[in-house]
Number of protein chains: 2
Amino acid sequence: MERSGDGQAGSGSGNAVGFRPLYRQVYDTLLKRLADAVWQPGQILPSEGQLAAELGVSQGTVRKALDALTADSLLVRRQGRGTFVADHDDKQSVFRFFKLRPDGDGTGMPTSRVLAIAEATASADERGRLDLVRTARVVRIERVRSIDGRLCVSETISVPASLFPGIAGLELPNTLYSLYAIRYGITIATANERLKAVALAEREAGLLAVAQGTPALEIDRVAVDLEERPVEWRLSTCLTQDVHYRSVLR
Amino acid sequence: MERSGDGQAGSGSGNAVGFRPLYRQVYDTLLKRLADAVWQPGQILPSEGQLAAELGVSQGTVRKALDALTADSLLVRRQGRGTFVADHDDKQSVFRFFKLRPDGDGTGMPTSRVLAIAEATASADERGRLDLVRTARVVRIERVRSIDGRLCVSETISVPASLFPGIAGLELPNTLYSLYAIRYGITIATANERLKAVALAEREAGLLAVAQGTPALEIDRVAVDLEERPVEWRLSTCLTQDVHYRSVLR
DNA sequence: AAGTGGTCTAGACCACGCA
DNA sequence: GCGTGGTCTAGACCACTTT
């Protein structure tokens with residue numbers, strides 16, 4: 001791996017351009033491979049020593065890059081076994097992007113029922129959230145979700161049709177993000193949510209079988225992939241009678 | 001610094017008890033000093049080399065502990081200058097525990113007006129949240145807050161009277177957590193929030209000058225200090241007409 | 001120029017999981 | 001017993017800030 005900002009009888013003392021550490025370059029190299037789905041979710045990576053030899057850096061430098069990717073929830077490291085591509089299907093990972101928890105006991109495991117799925121030209125809102133041009137097409141998914149069997153979420157999900165060809169014809173799993181990862185090689189890295197309290201409109205009230213005007217939590221989420229592209233917009237309306245949104249501030 | 005789990009002609013190969021890395025012990029040692037307010041917010045710590053010599057470990061081990069404390073937002077490191085105790089007074093830190101942001105432009109800087117402050121015997125809710133015995137006393141603070149001059153939050157804050165002697169007689173600053181840190185040596189490490197959508201009760205509606213029944217965001221927060229003691233319970237009711245709660249999922 | 005944190009390396013040893 | 005990640009060390013050099 002080439003150094004970027006040193007040696008070479010340069011122009012005096014400091015670099016005018018930004019200094020880019022070696023481990024950062026290793027990070028980017030590995031991130032690229034993850035984005036390109038070179039390694040599949042759940043699969044094991046080469047050992048630290050092998051990667052170090054391949055990339056021509058020390059094991060410590062590879063370690064630092066791997067640790068950073070682990071901190072970003074893209075890898076999972078298990079002492080004595082190896083380093084794996086994070087599998088966002090397993091139980092603990094389901095809740096990474098799902099913050100609604102039951103007030104009392106219960107697993108809080110969500111289930112879903114799709115009401116409609118169709119392709120359309122992007123609305124102004126969709127173009128704004130997903131950074132699309134005027135003629136762009138999106139696939140819109142409408143569904144309701146239950147937590148521990150209790151109906152409490154109604155949501156509309158919009159994704160660019162160009163990124164998810166054929167998704168409208170698929171049987172959708174309960175956890176969409178694993179579908180994005182496995183079938184389309186798109187890994188959700190972060191999601192930005194804006195929460196508001198609203199009074200339920202007639203339509204959502206009907207879907208959730210409660211009175212119109214009932215207070216509900218509105219969650220406006222834009223999910224972003226490894227390359228920082230916005231790839232999904234999700235507008236959820238949640239009843240919070242028996243459920244709450246959990247947030248941990250550090 | 002003593003090793004905890006090695007050497008000493010032990011009982012074979014592995015330790016039955018948990019293995020505790022050296023850097024973790026260094027972390028705990030430094031954390032203790034921070035909790036005891038040995039170093040004040042904003043103050044500089046000894047250099048890595050000095051700490052390493054004092055504790056009898058290598059510089060790399062000290063570094064790992066300092067990096068962990070930095071990741072926990074307890075320290076700030078500045079290349080070429082030194083390592084400092086995080087000062088949660090500066091502008092960027094105000095928003096660490098304040099997630100309400102204006103929908104449009106504006107700084108979103110909050111202001112406060114205290115309505116009442118008084119000591120009382122802890123209610124059942126307060127005892128549960130703050131882990132108190134039946135006879136414990138608390139100080140209750142009621143206040144309203146504005147964002148960019150717009151009235152939108154009403155909240156009740158409860159703290160154990162034993163931890164904050166004399167707080168009822170003080171002029172309260174806008175950012176309570178810096179008061180906790182500077183005057184009482186209590187640093188808030190994390191806060192757990194539960195959000196719900198509710199219809200405004202008559203009292204809160206009056207305080208916020210809107211109609212009873214208006215949907216509002218209810219935030220139930222328990223703040224925890226460095227020793228993981230719950231030290232503050234805060235129940236906030238927020239209008240979200242021009243403001244939203246921001247959450248970033250990683 | 002001196003001092004600080006940041007990067008990078010090389011090597012030793014430890015804890016863990018598995019065959 | 002072997003291979004993996006995890007810890008710890010020692011030392012060199014780099015980048016940044018201040019004197």
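The figures here come from the full heavy-atom set of this structure, side chains too, leaving out hydrogens, waters and symmetry mates. Below, chain A is the first sequence line, B the second, and so on; all start at residue 1.
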State which of D:dT4, C:dT7, C:dA15 makes the closest approach to the side chain of A:S47. D:dT4
Roughly, in whole Å, what's the span from CD in B:Q59 to C1' in C:dG6? 10 Å
Can you figure out which of D:dA15, D:dT7, C:dT7 approaches the side chain of B:P21 most closely? D:dT7
Give a yes/no on whether any side-chain N or O of B:R78 is located under 4.0 angstrom from OP1 or OP2 of C:dT4. no
State which of D:dG6, D:dT7, C:dG6 makes the closest approach to the side chain of B:D67. C:dG6
With A:R101 as the cation and A:F95 as the aromatic partner, state whether NZ or CZ is under 6.0 Å from the six-membered ring centre and within 45° of the axis. yes
What's the CD-P distance between B:Q25 and D:dG6, to the nearest Å? 19 Å
For A:I44 and D:dT4, what is the distance between atoms CD1 and C1' respectively, to the nearest whole Å? 8 Å
Short side-chain N/O contact from A:R81 to OP1 or OP2 of C:dC18, under 4.0 Å: yes
Ignoring backbone atoms, test whether B:K64 places a side-chain nitrogen or oxygen under 4.0 Å from the OP1 or OP2 oxygen of D:dC8. no
Looking only at the side chains, is there a donor atom on one of A:Y245 and B:E193 sitting less than 3.5 Å from an acceptor on the other? no
Return no unless some side-chain N or O of A:T83 is found under 4.0 Å from OP1 or OP2 of D:dT4. no
A:D87 side chain to A:S93 side chain, donor-acceptor N/O pair below 3.5 angstrom: no
Can you check whether any acceptor in the base of C:dG6 is under 3.5 Å from a donor in the side chain of B:R63, or vice versa? yes
Interatomic distance where CD belongs to B:E48 and C1' belongs to D:dT9 [whole Å]: 14 Å
Whole angstroms only, please: what is the CZ-P distance between A:F84 and C:dG17? 12 Å
Pairing of A:D67 and A:R77 as salt bridge, 4.0 angstrom limit: yes
By nearest atom, which of the nucleotides D:dG6, D:dT9, C:dG6 is closest to the B:T61 side chain? D:dT9
How many whole angstroms separate atom CZ of A:F19 from atom P of D:dC13? 15 Å
Can you tell whether the side chains of A:D28 and A:K32 come within less than 4.0 Å, N to carboxylate O? no
Rounded interatomic separation in angstrom, taking CG from B:L69 and P from C:dG5: 14 Å
Start at the 5' end of DNA chain C and walk down; is the nucleotide closest to A:G80 or to A:Y23 reached first? A:Y23
Report the nucleotide, chosen from C:dT7, C:dG5, D:dT7, that has the shortest atom-to-atom distance to any side-chain atom of B:Q79. C:dG5
Select one nucleotide: of D:dG6, C:dC8, D:dT9, the one nearest the side-chain heavy atoms of B:S58. D:dT9
Counting side-chain heavy atoms from C-beta on, which of C:dT9, C:dC18, D:dC8 comes nearest to A:L22? C:dT9
Scan side-chain atoms only and decide if A:N174 and A:S112 contain a donor-acceptor pair under the 3.5 Å cut-off. yes
Between atom CG in B:L75 and atom P in C:dT4, what is the gap in whole Å? 16 Å
